[in-house]
Structures are given as C-alpha cells and as structure tokens.
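If you're wondering where the values come from, they're calculated on a predicted model, not measured in any experiment. Atoms within a ligand are numbered from 1 in the order they appear, just like the ligands themselves.
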Amino acid sequence: MRVQIAPSILSADFTELGKAVRAAERGGADAIHVDVMDGHFVPNLSIGPPVISSIKRTARVPLDVHLMIEDPSRYLEAFAKAGADTLSIHVEAQPNLSQALTSIKKLGLLAGAALNPSTPVTALETVASEVDVVLVMSVNPGFGGQRFIPSSIEKVRAMRALLESAGNPAPIAVDGGVDLSNAGELVAAGANILVAGSAIFGQDDPTKATRALRAASEEQAVREPN
Ligand code: DX5
Ligand code: ZN
C-alpha cells in the first residue's frame, strides 16, 4: 500500500484555508485532515461543519475528519453533509463503538476508530474486523505542535498485528508530532497514513514539506526488507 500523506489544516493559517489546501495538494497530499474539537473531549475548540463545507468546495482530495468530541454519534450526519469522506471517532468517547461505525458506513463514508496514547490496542479488539481505518494518536489530542510519543511506533506494530489477526487490511493512520525524523520508522512499523500539521503548515513551503514527508516515509519503506 502506497503511503498516504494527510496534512492537518489545524496548523494552517485559518484566514487562508483554500491556499493551504492547494499548497498541500500541489505537494501530492492524498487527503486533508480536519481536526474537530469540542472543548470537552479535549481542552480546545476548533472548527465544525460550516468550515468543513467550505474546505470541501475547494479541496480536490478527500477530507479525513477527526472528531475529538464527546458523543460523536449525535453529529455524524452533520459531518457527512458537510463533506467528510472519512469520519474517525474516538473509542474513549463512544460507548457503542460498533454501532457508531456502522452508522458512519451507512452514511456512505469510511469509518475510522481513533485511540488516545494511553488507550491500549486491545480497546479495538471487538471492532478490529469492522474498521475502515485506525487512527493511532501519537500525542495527547487537543493541540498541534506537540512532541511525538516514541512508544507510538511499537503501538503501530501491535495494531498492525491485531488487524492482521482479524483479517482486516485496514490502513493505520498516525497523528501527532509526525515529521521527517519518524515518518520512515512509522511506515516500517505498519503505518499507511501520515497525518502532519506543523511538519507541513508550520514550514515556509508546505508544498515542499509535503513532498519531503513522502520522500522520508518511502526511503524507510524501501530500506525495510534488508
Ligand atoms: C491533535 C490533532 C492533530 C494535529 C497534528 O489533536 O489531532 O491532527 O493537528 O499536528 P502536529 O502534526 O503539529 O502534531
Ligand atoms: Zn487529528
């Protein structure tokens, strides 16, 4: 599976979201990652459906919407209408995970399950065969620009093993502190989607930064079999 790069617009200049999306797309971004925060599940607020609708009008690539909100099942339809292509919900925020994942699929979207750094891989055991994508958080969610938690690499490996045992080849996304220094190792461990905010929009040239992240991830992927 080719590695996908999903720049997180949380780190972009919100007065120029269209420009940010285009810069990432020029660099070969495969999706735009959109962080939704409610001030309850995480100690921060970000954006909701109206802004996502605007991004949808300008983006050519799919929107990967990461819901860091309590009781996400209340809002699935609203985010589907706004133009999400993938909806990831947190296992810590959703009591009936399986039902919520089914609802996302019924809306015609890809259903993702996200895990906080302190949540063990086993939290996904019961839905391992149902998820379309797993999002492994490599920082505590809520803010861009945090330092990558190194044990996330081992967690990706364990998650890949769990998905394999469930016979599910779903991609694993990694989100938080992803940059040129850890991209290769993450891919070698089994990650397929790299979400990056500051490593892309925190750079002078987001187009170049998107290309550089892909190059870093592929370098290790090629080296890995040796
Ligand atoms: C954090 C968000 C991330 C964030 C990543 O809660 O889920 O998507 O934007 O930003 P960086 O890459 O700067 O850690
Ligand atoms: Zn995110």
Side-chain angles (χ1 to χ4, degrees), residues 3-14 17 20-21 23-24 27 29-48 51-52 55 59 61-70 72 75 79 84-94 109-119 131 133-153 155-156 171-187 191-204 206 209-210 212-214 216-217:
V3 177
Q4 298 201 356
I5 306 295
S8 164
I9 51 100
L10 187 65
S11 302
D13 176 352
F14 276 25
L17 284 179
V21 167
D30 299 281
I32 298 295
H33 183 88
V34 186
D35 290 304
V36 177
M37 305 178 183
D38 67 350
H40 292 278
F41 181 70
V42 289
N44 197 6
L45 293 154
S46 59
I47 58 164
V51 177
I52 293 176
I55 298 171
V61 295
L63 300 189
D64 164 24
V65 176
H66 177 192
L67 297 181
M68 286 163 277
I69 64 176
E70 273 173 15
Y75 300 98
F79 285 105
D85 294 278
T86 298
L87 268 183
S88 292
I89 56 177
H90 268 265
V91 305
E92 306 85 3
Q94 185 62 55
L109 312 183
L110 293 176
L115 283 88
N116 282 341
S118 60
T119 303
V131 284
V133 56
V134 174
L135 194 145
V136 172
M137 288 299 305
S138 39
V139 299
N140 285 303
F143 300 91
Q146 301 182 75
R147 196 192 292 244
F148 180 80
I149 299 172
S151 59
S152 312
I153 293 175
K155 192 168 182 181
V156 168
I172 297 175
V174 184
D175 184 8
V178 173
D179 62 17
L180 299 179
S181 74
N182 50 37
E185 245 186 307
L186 284 166
V187 170
N192 313 97
I193 303 172
L194 300 178
V195 176
S198 23
I200 289 180
F201 294 119
Q203 308 301 310
D204 291 340
T210 306
L213 192 59
R214 178 184 305 290
S217 68

Output side-chain donor-acceptor pairs under 3.5 Å for residues 196-204, partner residues at least two apart or in another chain, one line each.
unit_1	atom_1	unit_2	atom_2	d
Q203	NE2	S198	O	3.0

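Of all atoms in ligand 1, listed by their number and element, those nearer than 4.0 Å to a heavy atom of M68 are 6 (O), 7 (O). Counting the atoms of ligand 1 from 1 in the order shown, those under 4.0 Å from a heavy atom of H33 are 8 (O). Each of the atoms 10 (O), 13 (O) of ligand 1 lies under 4.0 Å from some heavy atom of G144. When each atom of ligand 1 is checked for a heavy atom of M137 under 4.0 Å away, the hits are 7 (O). Within ligand 1, counting atoms from 1 as listed, the ones closer than 4.0 Å to a heavy atom of G176 are 14 (O). Near A196, meaning under 4.0 Å from any of its heavy atoms, are these atoms of ligand 1: 12 (O). Near G142, meaning under 4.0 Å from one of its heavy atoms, ligand 1 places the atoms 1 (C), 6 (O). Interface atoms of ligand 1 facing H66, defined by a heavy-atom separation under 4.0 Å, are 7 (O).
Polar contact check, G145 against ligand 1: a nitrogen or oxygen pair lies under 3.5 Å apart. The shortest N/O to N/O separation between N140 and ligand 1 does not fall below 3.5 Å. Close N/O approach between P141 and ligand 1 is not found [any backbone or side-chain N/O within under 3.5 Å].
Of the protein's heavy atoms, S198 OG, 2.3 Å lies nearest to atom 13 (O) of ligand 1. Atom 1 (C) of ligand 1 has its closest protein heavy atom at F143 O, 3.6 Å. Closest protein heavy atom to atom 12 (O) of ligand 1: G197 N, 2.7 Å. Given atom 3 (C) of ligand 1, the protein heavy atom at minimum distance is D175 OD1, 2.9 Å.
Looking at N116, its side chain never comes within 3.5 Å of a backbone N or O of T119 through a donor-acceptor pair. Looking at N182, its side chain does come within 3.5 Å of a backbone N or O of G177 through a donor-acceptor pair. A donor-acceptor pair under 3.5 Å links the side-chain atoms of S138 to the main chain of G176, judged by distance alone. Looking only at distances, a side-chain donor or acceptor of N192 sits under 3.5 Å from a matching main-chain atom of I172. In this structure, the side chain of S46 engages the main chain of M37 through a donor-acceptor pair within 3.5 Å.
Checking D64 against H66 by side-chain atom types alone, no donor-acceptor pair falls below 3.5 Å. Judged purely by distance below 3.5 Å, without hydrogens or angles, the side chains of D179 and S181 pair a donor atom with an acceptor atom.
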Would you sort out whether I69 and Y75 count as a side chain to side chain contact (heavy atoms under 4.5 Å, CB included), showing the intermediate values? CA-CA 9 Å; I69 64 176; Y75 300 98; 3.7 Å; yes

Steps toward side chain to side chain contact (heavy atoms under 4.5 Å, CB included) verdict (I52, I47): CA-CA 8 Å; I52 293 176; I47 58 164; 4.3 Å; yes

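The two atoms that bring V3 and S217 nearest to each other are CG1-OG, 3.7 Å, heavy atoms only. Counting all heavy atoms, side chain and backbone alike, D30 lies closest to P62 at O-CD, 3.3 Å.
Taking distances strictly below 2.8 Å, the protein N/O/S atoms close to the Zn ion (ligand 2) are H33 NE2, D35 OD1, H66 ND1, D175 OD2.
Put simply, the side chain of V178 does not reach to within 4.5 Å of the side chain of V195, judged on heavy atoms.
At a heavy-atom distance under 4.0 Å, only side-chain atoms of S8, from C-beta outward, approach ligand 1.
Around atom CZ of F148, more than 12 heavy atoms belonging to other residues, nucleotides or ligands sit under 6.0 Å away.
Within the 4.0 Å heavy-atom cutoff, G177 counts among the residues contacting ligand 1.
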